[in-house]
Each structure stands twice: as structure tokens, then as C-alpha cells.
J.: 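Below you'll find the structure I mean.
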There are 2 protein chains.
Amino acid sequence: MISGWEDIRAEVLRRIRVRDWPPGALIPTEEDLAAEFGVARATVNRALRELAGAGVLERRRKAGTRVAALPVRKATLDIPVIRQEVEARGQVHGFRLLERVEGVPPVPVTSRMGLAPGTRILWLETLHLADGRPFVHEGRWLNPAVLPVPLPDFAAVSANEWLVAHVAYATGDIAFAAEGAGPREAAVLGVAEGTALFITERMTWTAEAPITYVRLAHAPGYRLQTMV
Amino acid sequence: MISGWEDIRAEVLRRIRVRDWPPGALIPTEEDLAAEFGVARATVNRALRELAGAGVLERRRKAGTRVAALPVRKATLDIPVIRQEVEARGQVHGFRLLERVEGVPPVPVTSRMGLAPGTRILWLETLHLADGRPFVHEGRWLNPAVLPVPLPDFAAVSANEWLVAHVAYATGDIAFAAEGAGPREAAVLGVAEGTALFITERMTWTAEAPITYVRLAHAPGYRLQTMV
DNA sequence: GCGGCTAATATGTGCAGACATAATAGCCTA
DNA sequence: TAGGCTATTATGTCTGCACATATTAGCCGC
């Protein structure tokens, strides 16, 4: 017996998968489906809206709902705090603050952060450990102009966790790439120079000003995984 | 004037960002908010549900809704078909089928696909081009047992696009990693051996049987980007 | 036949009310 | 005091109705 929007979502997905409704096909209207399943239109709407959000359906007013021809798979990733990530593997998290200085970031960073050239901001370099072994090398530029004072001792509290607890973040973007280890990363992570490393880059903003730019270089073997 | 669930979502987000409601804090109940904004509870529910889905709020029955203390950023990635990805850059997509043979995949692949050891399946090796230059090296194991016959000429039509159009996919998972280029990848992509490459691995299943396992090795410079 | 206006239509969103469900807080008993 | 049961409560979901909005199909005039 079908009832509830999750049942309807499952049934619609089943019909798409067994090709009752092949890619590109127009499916019945919400009203028709509601009548067929014996539920209210709002319930069908909820189910179809979810499937459209997942990229399985394409909906347009008046035009109707059709099965996505080239399903742009929308994968959702959980980007946890590093400590949680390590602990989720059953390992013990630790970190060492390697450097804390003020300076002028390189041009690509200033431009991406939208800072005036020559602005001096805070640089933190941290090595995260899992069970005592190098896990991630973190390089972070922090804009002190938007931070509450006093700043903590970043050797005792991870910058990431202090920020989420004390700064009103707004938006950001994340990028992933693969790069060969530079001399500094190689030395800190204990790998040969040029070793392929998984890189995560994050920019965070308040409504107006940049908060922080982070570059994470993950130790070899790191994988970012998703379920679709 | 606030009305409509998107306005409410924005207002709640604003209060979180300006720390009216700091991380970990309990926010008013749906009923209270509905009264405050002069809307129906369903409207508030829609707004709060969206924010919970984005990882900004945590909701539990009876316990109420609280601002996520460690916001597990949920990033959504669009995983398009390679042709679309190339065309979105304003480049011309092309591809060359390098190899098509039947064989027994290596053990890690058979086990991940859940195939009996020794099963012979189809292997396709393809090089995707953007404006004529190497873009992605694709290695693909295909389970012919679940494919409709006749199989097409994969030199003329990309395996990926033929599959989405002709096979009832069901689920899959995606993983990203960084690896040094092997001899084959280096030769095909025109880079030095050991060059850091961005790797995408995809497994696709019908309800019961594995369909395909793909490994994509992206040419240097590739970035996977997200907006949060 | 062509261009533009209009009416029809499917989805988007809203409301008020209802019942379901999970999880806590507090009570009651041993 | 500890343990378990129960009432309470906030969210989860559903219904039936209504109106808004985008977009298409078709009509109409030229």
C-alpha cells in the first residue's frame, strides 16, 4: 500500500528505473498521480520536488514534469571538521601549530579574498595528526579585521573550531584538486616531494568581508566519498 | 515585510549569522515563529526543514530545533556528463576509444563490483578531449550481463551517454582521490609519470547487479568546485 | 503564413486543521 | 536512589482548499 511522500518518491523512482517512464518522457501531472495514489496533491508535490532536487526529474510550470535525459547527478558531500573526520575513523586527533605570523598573502590569495594589495593578515600553519601520524597539512590566511578580540592561543584550540564557534560565517565555496607535494608539505607530511596530494581549498565570507582562506593538503591515501 | 518560506529562511539565517541565535542555541518552536511572522506553521516548517537539510540547523522531535554547533557543511556537487563539462567551458568535446576487450578485472574491482572471481567482463579505455587536447582518461569495466543487446559501437557513442539512455540505473557511489600518473595514464595524457592527477571513481548498480565501474584520471589543472 | 496577444494549464506556494511519532521530563514504584 | 512507565511536547506529515505564476498552445488580425 502506497501512502506518504516517501512511498510515492520510491514508486516514481521505481517506474523511472524500470523505464515505464524513460529518460525525457513526460510523466502524469501531480493531480493525476494524486488521484492514482489516493493522496493529496501536496503529498505528490513533496515527492516530485525531492526528486527534482536530486536531479532525477525536471519540472517546469505548465510544461509539466519529465524524466531528466542526462541525469546531472547531484552528489551531496559532508564536509566535517577535521577532528570529527579523524574521530569517525576511530583514531585520535591531535594537531601542532607550526607557524603563526602576520604577513602579506600571495597575490592569488589577496585577489580571491578581495583584499587591498599589501594588507597584512594572519597566517597559521597547522599539522593535523591521526593517531600521531600526519593526516592533513593546513595553511590558513585569517582576516583579523573581522575577528572578535582577543584572539585565542591557536596552539591550544584549532582555528577551524574556534571560528565556527565565534564568527558569524555566511557563505563560502570549496574546491578540490590534486597537486604534487611542495617542499614544505613533503617535509611536514613525511612524503617525497611531488607525491600526489589531495587538496581542499575553502574560502569563507561574512556578508561583506572575507574571513579566511584555507588550503588543506591531505596525506596520501585520502579519499572523499559519496553515496548517491 | 516577511512572507513566504524563503523570506523566513533568510530571516532565520540572518539571526543565526548575527548571533541572535548562537551555535548550539535552541530557537523558538515552529508555532512561536509562525505566530511571530504571521504565517502558517507549515510555512515555517518548510523554511526550517530546508535549513536543517543544509546542515545549519539540527532538529529533533520534542527536543526542538537548535543551531548546529559544528556545522557539517553539506556541499552539493553537480556531476555532469563529461561532454557537458567540456562544453560548459566553451570547448569542443571529442573522444577516442583506445581499447575494447573482454577480460577479468583485477581483484579490487571484482570485489567492489561483487562479481564471482574469474568472471570475464568488458573493458573500455577512452581518452576524452577538450579542444583536441587530452582532458580525461577513462577506464571502464562494464558488466555485459545487465546490458541490452546489441551493444553499440563505443567508438562512435560515448559509453557514459549510451548507458544513461539505455540502462535502468539505480544507485551508485562516487569517490575522489589524488594519485600519481601511472605509465599508461602518463603516456595518454601527455604528462610525466608520477604527475599528480585528480581521480574520480564511480560504481553504478541496478537494483541487484553491478553495471559499471569507471575510473577517470583528469588532466592536471582540473578542479572540482562547489558553492555552499 | 507570421507575429503578437490571450486563455488554458501544470506547478509553486500558501493556509488551517488534524493526527502521528519520537523523545524528553517527571512521576511512581520498588 | 535507581529503574521503569507515562504524560507532555515539538516536530513530521497529511488533507483539502485556494490563489499565484510561469509558460505554452492556440486564436486572431494582418
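A quick note: this is a predicted structure, and the numbers were derived from the prediction, not measured. Chain identifiers are assigned alphabetically (A, B, ...) following the order of the sequence lines, protein sequences preceding nucleic acid strands; residue numbering begins at 1 within each chain.
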J.: Let me know the distance between CG of B:Leu57 and C1' of D:dG12, rounded to the nearest Å.
T.: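 Result: 16 Å.
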J.: D:dA20 C1' sits how many Å from A:Asn45 CG, rounded?
T.: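 After rounding, the gap between these two atoms is 14 Å.
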J.: Using only heavy-atom distances, determine whether the side chains of B:Glu125 and B:His137 contain a donor-acceptor pair under 3.5 Å.
T.: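 Present: a donor and an acceptor within the cut-off.
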J.: Does any donor atom in the side chain of B:Asn45 or B:Arg49 lie under 3.5 Å from an acceptor atom in the other side chain?
T.: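 Short answer, yes.
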J.: Answer with yes or no whether B:Arg41 presents, from its side chain, a donor or acceptor under 3.5 Å of a partner atom in the base of D:dG12.
T.: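 Looking at the base of D:dG12, it does pair with a donor or acceptor on the side chain of B:Arg41 (distance under 3.5 Å).
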J.: Atom CH2 of B:Trp162 and atom CG of B:Asp153: how far apart are they, to the nearest 0.5 Å?
T.: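 CG of B:Asp153 is found 12.0 Å from CH2 of B:Trp162.
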J.: Measure CD1/A:Ile27 against P/C:dT9 and give the value in whole Å, please.
T.: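 Spelled out: CD1 on A:Ile27 to P on C:dT9 is 19 Å.
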J.: Specify the separation, in whole Å, of atom CZ of A:Arg59 and atom C1' of D:dA22.
T.: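 So the CZ-C1' distance, A:Arg59 to D:dA22, works out to 13 Å.
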J.: Hey, is the side chain of A:Thr65 poking within less than 4.0 Å of OP1 or OP2 on C:dT11, counting only N and O atoms?
T.: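 The answer is yes; a side-chain N or O of A:Thr65 sits under 4.0 Å from OP1 or OP2.
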J.: Does a side-chain N or O from B:Arg49 land closer than 4.0 Å to OP1 or OP2 of D:dG12, or not?
T.: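 For D:dG12, neither OP1 nor OP2 has a side-chain N or O of B:Arg49 closer than 4.0 Å.
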J.: Rounded to the Å, how far apart are A:Glu58 CD and C:dA10 P?
T.: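 Whole-Å distance recorded here is 18 Å.
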J.: Please give, in whole Å, the distance from C:dT11 C1' to A:Leu48 CG?
T.: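 A:Leu48 atom CG is separated from C:dT11 atom C1' by 10 Å.
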J.: In terms of side-chain heavy atoms of B:Ala63, which of D:dC14, C:dT24, D:dT24 is nearest?
T.: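 For B:Ala63, the side-chain atoms sit closest to C:dT24.
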J.: If I take atom CD in residue B:Glu6 and atom P in nucleotide D:dA20, what distance separates them, rounded to the nearest angstrom?
T.: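 B:Glu6 atom CD is separated from D:dA20 atom P by 18 Å.
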J.: So, is A:Ser3 close to the D:dC14 phosphate, meaning a side-chain N or O under 4.0 Å from OP1 or OP2?
T.: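 For D:dC14, neither OP1 nor OP2 has a side-chain N or O of A:Ser3 closer than 4.0 Å.
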J.: Applying side chain to side chain contact (heavy atoms under 4.5 Å, CB included), name anything that partners A:Ala130, two or more places apart in sequence or on another chain.
T.: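 If we apply the side chain to side chain contact (heavy atoms under 4.5 Å, CB included) test to A:Ala130, skipping adjacent residues, the hits are A:Val86, A:Gln91, A:Phe135.
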J.: Check the distance between D:dT11's C1' and B:Asp32's CG and give it to me in whole angstrom.
T.: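 So the CG-C1' distance, B:Asp32 to D:dT11, works out to 13 Å.
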J.: Atom pairs, N/O to N/O, protein against nucleotides 5-9 of chain D, distance under 3.5 Å?
T.:
unit_1 : atom_1 : unit_2  : atom_2 : d
D:dT9  : O4'    : B:Lys62 : NZ     : 3.4

J.: Could you grab the distance from atom NE2 of A:His166 to atom CZ of B:Arg19, nearest 0.5 Å is fine?
T.: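 If I round to the nearest 0.5 Å, the distance is 7.5 Å.
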J.: With A:Thr65, which of A:Leu51, A:Ile27, A:Leu26 fulfils side-chain contact (heavy atoms from CB on, under 4.5 Å)?
T.: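 Between A:Thr65 and the candidates, side-chain contact (heavy atoms from CB on, under 4.5 Å) is satisfied uniquely by A:Ile27.
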J.: Testing the basics here: between B:Arg66 and B:Gly24, what is the closest heavy-atom pair and its distance to 0.1 Å?
T.: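 That closest heavy-atom pairing would be NH1-O, 2.6 Å.
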J.: Establish, with yes or no, whether the OP1 or OP2 oxygen of C:dT13 is under 4.0 angstrom from a side-chain nitrogen or oxygen of B:Arg46.
T.: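 Yes, within the criterion.
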